[in-house]
> 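What follows is a single structure, and I will ask about it in a moment.
Labels below follow one simple rule: chain letters A, B, ... track the order of the sequence lines, proteins then strands, and each chain is numbered from 1.
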There are 2 protein chains.
Amino acid sequence: MARKTGSHSEITGPRVRAAALTLFAQHGFAAVSMRQIAREVGVQAGALYLYTKDKQSLLFDLMRTHMDELLAAWADEPKGQSALDALQAFSRFHIRFHLERPEAVFIAYMELRNLTDENFAAIEALRRQYEGELEAILRAGQDAGELDLSDIRLSSMAIIAMLTGVNTWYREGGRLSREAVADRYWDMVRGAVGA
Amino acid sequence: MARKTGSHSEITGPRVRAAALTLFAQHGFAAVSMRQIAREVGVQAGALYLYTKDKQSLLFDLMRTHMDELLAAWADEPKGQSALDALQAFSRFHIRFHLERPEAVFIAYMELRNLTDENFAAIEALRRQYEGELEAILRAGQDAGELDLSDIRLSSMAIIAMLTGVNTWYREGGRLSREAVADRYWDMVRGAVGA
DNA sequence: CTTTGATATGAACGTTTGTTCATTTAACAC
DNA sequence: GTGTTAAATGAACAAACGTTCATATCAAAG
């Protein structure tokens with residue numbers, strides 16, 4: 001009983017990745033079996049290997065796609081004139097982007113240790129690249145005298161941790177809208193960098 | 001070949017927990033087998049069950065112990081006079097305490113989803129209690145007019161995320177001492193709360 | 001109507017998993 | 001020196017794991 005109507009590679013492939021994304025985020029990579037993913041897709045376990053080389057590649061694909069989208073989205077983001085404008089743009093962008101895909105964010109932060117050395121290096125490089133974007137803004141702000149920072153690398157790590165932290169507590173339909181949250185976090189970021 | 005010299009319950013028990021702590025932090029709860037833990041301790045897998053009911057209890061014990069120690073240590077911490085003093089005390093304490101036990105911190109943040117519902121509720125309650133400590137400080141500062149906050153719960157989550165983030169990048173023997181890091185983070189926290 | 005090729009099945013593989021238990025060992029009390 | 005008992009062994013269990021593969025199915029092309 002194969003090849004039901006509408007069951008093509010272009011349909012099943014994305015469904016496999018979507019199921020893996022949700023299950024990995026919920027239970028963790030190591031705790032999720034290929035059979036669980038298959039059941040979620042409505043297929044036998046063996047069929048998954050038409051869409052992924054192995055379980056490790058499935059995880060890596062999800063993480064690399066997420067990081068690629070993150071960098072591409074930030075590249076497309078308008079950044080304003082001053083360094084302070086750019087910092088505000090970054091803060092709001094980071095919160096918005098991360099709140100839009102909590103599962104991918106969760107995986108990207110929690111499953112690094114389940115990557116092979118090679119795959120880990122690739123993801124780590126992309127993360128560094130993203131951190132570098134913020135550091136460049138802070139450096140520009142420092143040089144222009146708009147910001148008062150004693151350590152750019154440290155400040156960038158602190159800001160990213162603070163912003164990403166929103167994902168741990170924000171719930172849709174809660175007390176605050178996304179915009180309200182972004183407003184308040186921007187206030188805090190601005191205060192933290194002495195501007 | 002049992003009961004080698006010095007192999008008593010009081011020795012092996014802690015060694016089991018220490019091995020589990022290190023291995024869980026390194027590879028994740030689900031990816032570590034009881035046999036791996038046993039090998040690290042120098043014992044057969046069956047012997048572990050003299051010291052823990054099952055694998056789940058081993059994880060729960062580590063997390064509850066960590067949270068208990070966190071709350072007890074903060075209770076013992078001198079907090080100064082003003083709310084601003086207390087906020088500074090909290091910031092420095094949080095960084096110091098967390099940098100002293102990176103493995104336990106890692107587990108406490110990453111393995112929540114591997115707890116049973118009941119165990120999760122217990123740990124979550126302790127975490128809420130700790131967050132409540134910071135919220136109380138912020139509220140006091142707000143009431144005394146020392147701080148300028150638009151949302152206490154949000155500010156407390158932002159501060160904790162920022163402070164805990166130190167664990168993700170700080171390396172012993174690096175560019176900055178723990179004290180220097182704590183100094184700079186306190187500056188940022190102070191700025192973030194508008195003081 | 002036949003052929004083709006992509007899509008899926010389902011059984012099988014060798015390992016590994018968490019946990020239990022009858023048995024053995026050795027340190028200590030008498 | 002004997003008996004007691006806590007501490008550890010090592011074999012065993014059924015279940016689940018990731019992955020492979022011969023086979024079946026069915027949509028579309030000629």
> Among dT9(D), dT19(D), dT9(C), which is the nearest nucleotide to the side chain of A47(A)?
dT9(C)
> If you compare every side-chain N and O of T12(B) against the phosphate oxygens of dA7(D) (OP1, OP2), does one of them come in below 4.0 Å?
no
> In whole angstrom, what separates K53(B)'s NZ from dG18(C)'s C1'?
12 Å
> To the nearest angstrom, how far is R39(B) atom CZ from dA8(D) atom P?
18 Å
> Could you check how far CG of L50(B) sits from C1' of dA22(C), rounded to whole Å?
14 Å
> Measure from CD on Q56(A) to P on dG18(D) and round the result to the nearest Å.
13 Å
> Please work out which residues in residues 25-36 of chain B have a non-hydrogen atom less than 4.0 Å from an atom of DNA chain C and list them by number.
V32(B), S33(B), M34(B), R35(B)
> Considering residues at least two apart in sequence or located in another chain, which fulfil the side chain to side chain contact (heavy atoms under 4.5 Å, CB included) criterion with S150(B)?
R184(A)
> Roughly how many Å is it from NZ in K55(A) to C1' in dT16(C), rounded to a whole number?
13 Å
> Quick one: is dC21(C) close enough that its OP1 or OP2 comes under 4.0 Å of any side-chain N or O from Y49(B)?
no
> Please report, rounded to the nearest Å, how far the P atom of dT16(C) is from the CD1 atom of I37(B).
17 Å
> Name all pairs fulfilling the side chain to side chain donor-acceptor pair (under 3.5 Å) condition that reach into residues 121-130 of chain B, sequence neighbours left out, sorted by first residue then second.
H94(B)-Y130(B)
> Residues in side chain to side chain contact (heavy atoms under 4.5 Å, CB included) with R113(B), at least two apart?
F106(A), M110(A), E111(A)
> In whole Å, I'd like the distance from the CG atom of L48(B) to the C1' atom of dC21(C).
15 Å
> Round to the nearest Å and state the distance from Y51(A) atom OH to dA6(C) atom P.
12 Å
> Which residue pairs satisfy the ring pair (Phe, Tyr, Trp, His ring centres under 6.0 Å) criterion with at least one member in residues 13-36 of chain B, sequence neighbours excluded?
F24(B)-F29(B)
> Using ring-ring contact (aromatic ring centres under 6.0 Å, His included) as the criterion, list what pairs up with F93(A), not counting sequence neighbours.
W74(A), F97(A)
> If only side-chain N and O atoms count, and only distance matters, is there a donor-acceptor pair under 3.5 Å linking D54(A) with S57(A)?
yes
> Can you tell me if T116(A) and N119(A) form a side-chain donor-acceptor pair at under 3.5 Å?
yes
